[in-house]
Peer 1: 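This structure is in structure tokens; I'll ask about it shortly.
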Amino acid sequence: MSILQDRVVTVTGASSGIGEACAFAFARKGAKLVLAARRGDRLDALVARLQEGGGEALAVATDVTDEASVAALFAAAMARFGRVDVLVNNAGIADSTPADAMDLSDWHRVIDTNLTSAFLCARSAIPIMKAQGHGRIINVGSISARVPRADSPAYTASKWGLDGLTRALAIDGRAHNIAVSIMHPGIVATELGGGGAARKPADLTANPEDIADVIVHMADMPDHLNFYEALVVQNKIPFLGRG
């Protein structure tokens with residue numbers, strides 16, 4: 001039996017892509033889901049599909065860049081399930097704007113969505129996990145946190161920042177049996193960035209389900225173990241020696 005059986009998993013950015021795939025992958029392990037995204041109608045439809053398959057899930061329309069909305073997400077999770085065992089910080093947006101063409105408001109939008117949201121969600125989850133005596137936080141990073149793409153300063157900064165936040169939280173969580181880790185996807189065929197990746201040849205992308213399976217594997221560990229970092233990259237893209 002999976003350690004995830006009957007555990008409560010909160011997934012942000014759950015209405016599509018990697019987040020949606022995570023919902024189904026965690027449900028197959030017997031986990032109970034708290035699903036967060038801005039698009040409440042898509043969340044409701046996702047919960048209905050999960051319940052048709054025998055899963056148990058709660059949809060909470062959430063703006064993860066807003067601290068009151070994030071606080072309400074975790075309050076709803078506690079009201080329904082009384083615990084949060086795993087948090088997957090998956091919400092994010094892509095951006096490919098050169099620095100000299102980027103408005104400050106767009107910079108803040110990318111940083112707030114990709115980095116500040118993970119801080120806000122972790123800040124709400126950690127006290128719950130401390131009281132339980134265990135917890136796991138998995139942040140969804142990017143291979144751009146290792147080797148950036150051109151013309152993507154905000155996105156790159158957000159993912160390098162998320163990597164640093166993961167390291168800091170992993171240190172702070174150790175004393176409380178809270179494992180914090182990061183999963184770096186390569187190019188994934190999702191709606192992110194206008195869905196351009198989904199139009200690439202199949203051998204240049206990963207399916208959301210491929211990434212979700214890795215994330216679930218990272219979570220399906222005994223509480224005293226931390227699968228700290230994972231990276232999935234296509235063989236054919238110039239990541240090693242990227243230029």
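Just so it is clear, the values below take in all heavy atoms, side chains as well, and ignore hydrogens, waters and symmetry mates. Throughout, residue positions are numbered sequentially from 1 according to the sequence presented. Computed from a predicted model, the values in this text were never measured in an experiment.
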Peer 1: Find out if a path of hydrophobic residues (ILVMFWY) with successive side-chain heavy-atom gaps under 4.5 Å connects V216 to V214.
Peer 2: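 Same hydrophobic cluster.
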Peer 1: Please tabulate, one pair per line, all N/O donor-acceptor pairs under 3.5 Å involving side-chain atoms of residues 40-49, not counting sequence neighbours.
Peer 2:
| unit_1 | atom_1 | unit_2 | atom_2 | d |
| --- | --- | --- | --- | --- |
| R42 | NH1 | E191 | OE2 | 3.4 |
| R42 | NH2 | E191 | OE2 | 3.1 |
| R49 | NH1 | E20 | OE2 | 2.8 |

Peer 1: Cut-off 3.5 Å, side chains only: do T166 and N139 have a donor facing an acceptor?
Peer 2: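 Note: T166 and N139 side chains meet the donor-acceptor criterion.
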Peer 1: Kindly indicate whether the side chain of M129, heavy atoms from C-beta on, has any atom under 4.5 Å from the side chain of L87.
Peer 2: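 M129 reaches L87 side chain to side chain.
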Peer 1: Is the shortest side-chain heavy-atom distance between P148 and W160 below 4.5 Å?
Peer 2: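 The answer is yes, as the side chains (C-beta and beyond) meet within the 4.5 Å cut-off.
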Peer 1: Between atom CZ of F81 and atom CZ of R7, what is the distance when rounded to the nearest 0.5 Å?
Peer 2: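 Spacing of CZ (F81) from CZ (R7) equals 15.0 Å.
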Peer 1: Using the side-chain contact (heavy atoms from CB on, under 4.5 Å) rule, take T12 and T62 through it: C-alpha gap first, then chi angles, then the decisive distance, then the call.
Peer 2: CA-CA 8 Å; T12 69; T62 307; over 6 Å; no
Peer 1: Consider side-chain hydrogen bond (donor to acceptor under 3.5 Å, both in side chains). Of T113, N114, T116, which one does S158 pass it with?
Peer 2: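 Running side-chain hydrogen bond (donor to acceptor under 3.5 Å, both in side chains) over T113, N114, T116 with S158 returns exactly one hit, N114.
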Peer 1: Could you walk me through whether V110 and H108 satisfy the side-chain contact (heavy atoms from CB on, under 4.5 Å) test, starting with their C-alpha distance in whole Å, then the side-chain angles of each, then the deciding distance to 0.1 Å, before giving a yes or no?
Peer 2: CA-CA 5 Å; V110 175; H108 284 304; over 6 Å; no
Peer 1: How long is the span from the CG atom in L120 to the CG atom in D63, to the nearest 0.5 Å?
Peer 2: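 It is 9.5 Å, given to the nearest 0.5 Å.
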Peer 1: Any idea which heavy atoms bring R39 and S16 closest together, and the distance?
Peer 2: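 Between these two residues, the closest heavy atoms are NH2-OG, 3.1 Å.
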Peer 1: Checking side chain to side chain donor-acceptor pair (under 3.5 Å) for the pair T156/R149: CA distance, chi angles, key distance, verdict?
Peer 2: CA-CA 8 Å; T156 300; R149 291 178 290 107; over 6 Å; no
Peer 1: Does the side chain of E52 come within less than 4.5 Å of L50's, by heavy atoms?
Peer 2: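 Answer no - side chains too far apart.
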Peer 1: State plainly whether one hydrophobic cluster holds both I211 and V11, where clusters connect Ile, Leu, Val, Met, Phe, Trp and Tyr through side-chain heavy atoms under 4.5 angstrom apart.
Peer 2: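 Per the 4.5 Å side-chain linkage, I211 and V11 are co-clustered.
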Peer 1: Measure the spacing between CG of L4 and CZ of R136 and express it to the nearest 0.5 Å.
Peer 2: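 The distance works out to 8.5 Å.
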Peer 1: What I'd like to find out is whether the side chain of L73 reaches to under 4.5 Å of the side chain of S69, using heavy atoms alone.
Peer 2: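 They are not in contact (no side-chain heavy atoms under 4.5 Å apart), so the answer is no.
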Peer 1: Closest heavy-atom contact between I126 and I137?
Peer 2: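 Where I126 meets I137 most closely, the heavy atoms are CG1-CD1, 4.1 Å.
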Peer 1: To check you understand the geometry: which heavy-atom pair defines the closest contact between R38 and A61, and what is its length?
Peer 2: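 In this case the closest contact between R38 and A61 is O-CB, 4.3 Å.
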Peer 1: Would you say V8 ends up clustered with M1 if hydrophobic residues are merged whenever their side chains have heavy atoms under 4.5 Å apart, either directly or through other cluster members?
Peer 2: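 Looking at the clustering, V8 is in a separate group from M1.
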Peer 1: Please check if the number of heavy atoms outside E56 that lie under 6.0 Å from its CD is greater than 12.
Peer 2: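 Result for CD/E56: enclosed.
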Peer 1: Before giving the answer on side-chain contact (heavy atoms from CB on, under 4.5 Å), spell out for V88 and I215 the whole-Å C-alpha distance, their side-chain angles and the decisive distance to 0.1 Å.
Peer 2: CA-CA 8 Å; V88 179; I215 291 170; 4.2 Å; yes
Peer 1: List the atom pairs, donor and acceptor, that lie under 3.5 Å between side-chain atoms in residues 167-179 and the rest of the protein, sequence neighbours left out.
Peer 2:
| unit_1 | atom_1 | unit_2 | atom_2 | d |
| --- | --- | --- | --- | --- |
| R167 | NE | D163 | OD2 | 2.8 |
| R167 | NH2 | D163 | OD2 | 3.3 |
| N177 | ND2 | G133 | O | 3.3 |

Peer 1: Can you tell me which residue pairs pass the side-chain hydrogen bond (donor to acceptor under 3.5 Å, both in side chains) test with a partner in residues 210-221, sequence neighbours excluded?
Peer 2: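 Listed by first then second residue: S2-D220, K29-D220.
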Peer 1: Are R83 and D85 ion-paired here, with the side-chain N under 4.0 Å from a carboxylate O?
Peer 2: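 Salt bridge: yes.
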Peer 1: Report whether V70 and L35 are members of the same hydrophobic cluster (ILVMFWY, side-chain heavy atoms less than 4.5 Å apart, transitive linking).
Peer 2: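 No, it is not one cluster - the side chains of V70 and L35 are not joined through contacts under 4.5 Å.
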Peer 1: How many angstroms lie between atom CZ of F227 and atom CD1 of I138, to the nearest 0.5 angstrom?
Peer 2: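 Result: 9.5 Å between the selected atoms.
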Peer 1: Roughly how far, to the nearest 0.5 Å, is OH of Y155 from CD1 of I93?
Peer 2: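 That separation rounds to 10.0 Å.
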Peer 1: If you compare all heavy atoms of I3 against all heavy atoms of M221, which two are closest, and at what distance to 0.1 Å?
Peer 2: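 In this case the closest contact between I3 and M221 is CD1-O, 3.4 Å.
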Peer 1: Side-chain contact test, heavy atoms from C-beta onward, threshold under 4.5 Å: evaluate it for T10 versus V86 and give yes or no.
Peer 2: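 Result no, sub-4.5 Å side-chain heavy-atom pair not found.
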Peer 1: From D112 CG over to W107 CH2, what is the distance, rounded to the nearest 0.5 angstrom?
Peer 2: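 Answer rounded to 0.5 Å: 11.0 Å.
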Peer 1: What is the minimum heavy-atom distance between S181 and N226, and which atoms define it?
Peer 2: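 That would be CB-OD1, 3.4 Å.
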Peer 1: Could you tell me whether the side chain of E67 reaches within less than 4.5 Å of the side chain of S124, counting heavy atoms only?
Peer 2: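 Not touching, per the 4.5 Å side-chain cut-off.
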Peer 1: Identify whether the distance between the nearest side-chain nitrogen and carboxylate oxygen of R109 and D103 falls below 4.0 Å.
Peer 2: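 Not counted as a salt bridge, because no side-chain N and carboxylate O are separated by less than 4.0 Å.
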Peer 1: Minimum heavy-atom separation for I187 to Q234, with atom names?
Peer 2: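 I187 and Q234 have their closest heavy atoms at O-NE2, 3.0 Å.
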Peer 1: Apply side-chain contact (heavy atoms from CB on, under 4.5 Å) to the pair L231 and I143, showing each step before the final yes or no.
Peer 2: CA-CA 7 Å; L231 189 151; I143 61 170; 4.0 Å; yes
